[in-house]
Amino acid sequence: MTTAAQPEQAEGAIRSPWLLLALVVASFFGLAAATLLLPHDPYVRYQQLAPTLHFRTVWTYERLAFDKTPIDIAIIGNSRLQSGIAAPVMQARLSERLGRPVHVANLAMPQEGRNSHAVIAQQLFKHHPEVKLVLLSAIEAMPRESHPAFRNIAEAPAIVGAPVLINRSYLDDLAFVPFRQMSLFVQTRFPDAFGIRAFSGEDYFGTDFDTTKSFVSPTAGFVDMERTNTTQALRPSAQERVRSITPPKLPSALSWMEFPVELHYTNAIVARARASGTAVGFIYLPIFENPEPLRQEAYYRGFGPVFTAGCVAADAVNFSDYGHLNRPAAHRVSAMMADALLRAGWKPGEKAAMLPREVVPLCQPGEPLR
Amino acid sequence: MLFNSVNFIVLFLPAVVAGYHLLALSPLAVLRRPFLIAATLVFYAFAGARFVPLLVASVALNFAASLLIARLAERQAPRGALVTGAVLLNLLVLGYFKYFTFLAETIGALTGTGFSVEAILLPLGISFFTFQQIGYLVDVSRGRIKAGGLLDYASFVLFFPQLLAGPIVLYDEVAEQHRAGPSRGQIGANILIGLAIFAIGLFKKTVIADTLALYSLPVFTAAAEGGPMALLDTWIAAFAYTAQVYFDFSGYSDMAIGTARMLGIVLPLNFLSPLRSSSITEIWRRWHVTLGRWVQIYVFQPISIPLARAAAMRGAGTWGTLVAAMIVPTVIAMLIIGVWHGAGWTFIVFGLMQGLYMSAGEFWATYRKKARKARKKAGLAEPVWHGPVARAATLLAFVLAIIPFGSANGEAMVRMFGAAFGAGGLAHVPAEWPLGLGAALASTAAAYAIIYLLPNSHEIMGRFEPVLEWTKDWAKRAPSPVQITWRMTAPWALATGLTLFLAIAFIMRGSTKFIYFNF
């Protein structure tokens, strides 16, 4: 029987296999690194999300990169913010109360993960340096996850340079880069073959796109945001969601190990905003019947006001599902958000104005939504 | 954990290969094999932690049974009942997980009671490790091998490169290799050769098979869901799926062979360019070779030999003997191979078609025997068209049989066959086909060009004995028109790096599960 121990006999003069192994590894990494140099159109990059639940992030890029209408307030965060804050309502209320036009854009996207928020924020500051306030999402306990779309929308160096330590998605995100870069390069060169479109007003959802309306998702079909619910219908899923919240396990001094993505990228967004003289705040929209206190509220409050809408949690008619407001409730919360901003002293003309670092309830429990 | 996952390639595999060799070279060399067994259990746990106890119990019980059988064999005492009992117990466990739901539903349908049971989750690799252990028990009973110790036996079964989807190895092929361990001077070469084989296998899976899946799956899905389908797209999908299954499973086998080689173990060959064969019988000598061999040793021969004797004793004549010694055992063996792939009528049809093809081939060969001899005697060569026509007909027949293999259920299979023969019109281009009909045709044609023209992975690595008995048994059997030979040189190291790079990069396109993990 033949065994593994025969290569030299077959090969004759042989180079050092260890040297050749090193060459295999070097060529592998060399090729992977070379893909970073492949150019592509960022719009093509964002269009990769079109068939996913993040399809509205294509609009986000269009709003930022192609629509020159200024942005005064940008909302960046999770699906609770996406479905819970109607930018047109908020901007109408602010414009009415201030007697001057104020532009609000809701750039939030489904799922948690501050790294994708940082990518959106980067595009925001690049294309709309005039922005005066950035409102970020906050939830009951900091998410530990990286955002699944980060690998799609971030620049390649940002993926390579992401925090490595205890970032469970780092390896997968990094491994995605070479194929992505090759694919985007080819799609940029041959857009028609891949159904890539150039920006035109026809497909654009518009400057004042209301993210709280019902929509057809490429992955979930029709999503009815007008729906009202009953307590019985929502309670089990809401309770299950609350049970799934894992509180911090490590002492706060070690939270950088437990929440590396959230902390790294929140700090980065705040630093970038401060460099531009832009204020930062946070919004918390609750799960049905569970207006949980923010466990890391002090961290967020260190950067700006934390607006909380715990008061809407008690009534099932406000929710389209266990964690998302329906459109009517979202419109009322958006108006309350505008009022709360003004109460907190936000002034659109003063770019560098920092808002008070405190918790600002949008309403009191039991108070009817106006 | 899957071979085509980044975590396996970047973390698990390097850690295990390094740990294994470091242990082998250290004063703790005694821990080398336990380390590999533990790594295998970790590997298996990632695929389905809940089935680790089942796997361990299966190994323990079969080992205990093998000791008892060996003891009886030494004393030349009757052991048929014990072997039968142990084999039946293995088949019972396999049957419960794999066939119970199907059986219950069939009984429900036949009796009109609608009786059914909840789907039972299939432990990954159970068909493979069950067959491998049954073979071991029978071999010990027959005295073909001497029963090994616990470590020998556990190393034989719990070897992660081939645990989940083969190759199905025989004990005497690997036991001594496991026992001996890696040779100090060969470690670097084995890792390099193994990595090259692994890279080729991964490339076949992620770049070729997964590309073909883009064109086969939409049509098979349409068949399952009642969507529109027509003649042209059905044939393209059937050809694409046939090539996909080949590249998927032979790619997996290459990865298993490469991974084992990195640990200094040479595994048996599992694929030898089967789609280049000129008969269905030949295909099955070159497709999933280790399963075919298993069925040949443990099913075909035990049926064929007594039947041949009985036919000869009764003076059954040429045709009678052919039916008894060849046709009946062949159809039974192919039915078992079909059903081994899964519980469902589609797999029965698949096995039956293969059995009928092979039977037809045997009848034809017997019928033409005299004419062939006369031709040979007269010094006449085969007509030039014979080879290509035989290959084309074989491929066409095999592709037809792949339709039930890939169909989700009987209805989907009927719809596929109907569409393949024009029931749905001439052409319907599925919207899901990336880049349309031209790309579907080009991708499928490219896959068959690779199959027919380029050397297979073992030919490429042929200088380094990539599989057991390569030089002795396999190297000359199916040479490809184009010869490419990997060498231990810098350009080939760069080519390996490029292959590995593309293979890993394409994982992230969205790799499908290995088809044979369903079995």
Side-chain angles (χ1 to χ4, degrees), chain A residues 1-36 38 48 51-52 151-152 159 168-187 190-196, chain B residues 5-7 9-11 172-173 176-177 180 182-183 185-196 199 206 260-266 434-436 439 462-465 467-472 487-490 492-502 504-510:
Chain A
M1 185 180 295
T2 48
T3 66
Q6 294 187 341
E8 284 94 338
Q9 292 158 19
E11 178 60 18
I14 189 170
R15 288 169 182 273
S16 159
W18 294 110
L19 207 62
L20 293 174
L21 260 176
L23 198 55
V24 172
V25 174
S27 60
F28 175 85
F29 283 109
L31 287 163
T35 62
L36 299 180
L38 291 173
Q48 307 305 303
T52 74
R151 61 171 71 171
N152 298 99
I159 299 172
R168 285 178 292 183
S169 301
Y170 183 79
L171 193 57
D172 276 343
D173 287 349
L174 188 67
F176 184 64
V177 171
F179 179 78
R180 185 194 85 154
Q181 293 297 103
M182 291 189 287
S183 174
L184 292 176
F185 175 74
V186 174
Q187 290 185 58
F190 307 102
D192 293 341
F194 295 94
I196 297 297
Chain B
S5 67
V6 174
N7 284 340
I9 297 166
V10 177
L11 301 176
D172 51 344
E173 288 177 327
E176 183 51 40
Q177 295 189 66
S183 159
Q186 300 299 331
I187 291 173
N190 279 332
I191 293 174
L192 179 60
I193 294 162
L195 188 61
T206 63
R261 183 61 172 261
M262 288 185 224
L263 298 162
I265 305 288
V266 183
L435 305 179
R463 294 168 71 96
F464 301 97
E465 204 65 17
V467 289
L468 291 171
E469 315 298 354
W470 171 253
T471 309
K472 185 168 157 263
R487 291 159 197 273
M488 279 211 185
T489 59
W492 279 107
L494 292 172
T496 303
L498 174 65
T499 308
L500 194 63
F501 165 74
L502 287 173
I504 293 177
F506 270 71
I507 291 175
M508 304 314 284
R509 173 174 58 168

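None of these values were measured; they are calculated from a predicted model. In the text below, chain A, chain B and the rest are named by the order of the sequence lines, each starting its count at 1.
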Worksheet item: Side chain, backbone, both or neither: which part of B:Leu500 has a non-hydrogen atom closer than 4.5 Å to chain A?
Response: both
Fill in: Spacing of B:Ile191 atom CD1 and A:Leu20 atom CG [to the nearest 0.5 Å]
13.0 Å
Discussion item. Report, in residue-number order, which members of residues 179-187 of chain A are under 4.5 Å from chain B by heavy-atom distance.
Written reply: A:Phe179, A:Met182
Discussion item. Return the CG to CE distance between A:Asp173 and B:Met508, rounded to the nearest 0.5 Å.
Written reply: 7.5 Å
Item to complete: List for me each residue that meets side chain to side chain contact (heavy atoms under 4.5 Å, CB included) alongside A:Val25, sequence neighbours excluded, and say none if there are none.
Response: A:Phe29
Discussion item. Quick check for you: to the nearest 0.5 Å, what is the distance between A:Phe28 atom CZ and B:Leu502 atom CG?
Written reply: 10.0 Å
Discussion item. Holding to side chain to side chain contact (heavy atoms under 4.5 Å, CB included), I want the full list of residues that pass it with A:Ala193, two or more places apart in sequence or in another chain.
Written reply: A:Phe190, B:Leu435
Fill in: Residues forming a side chain to side chain contact (heavy atoms under 4.5 Å, CB included) with B:Pro434, sequence neighbours excluded
B:Leu214, B:Tyr215
Discussion item. When you compare the side chain of B:Leu11 with that of A:Leu171, does any pair of heavy atoms fall below 4.5 Å?
Written reply: yes
Worksheet, complete the sentence: Given A:Ala22, A:Ala26, A:Ser27, the one with more heavy-atom pairs under 4.5 angstrom with chain B than any other is A:Ser27
Fill in: Separation between CG of A:Leu23 and CG of B:Leu192, rounded to the nearest 0.5 Å
9.5 Å
Discussion item. Testing the basics here: between B:Phe501 and A:Thr35, what is the closest heavy-atom pair and its distance to 0.1 Å?
Written reply: CZ-CG2, 3.6 Å
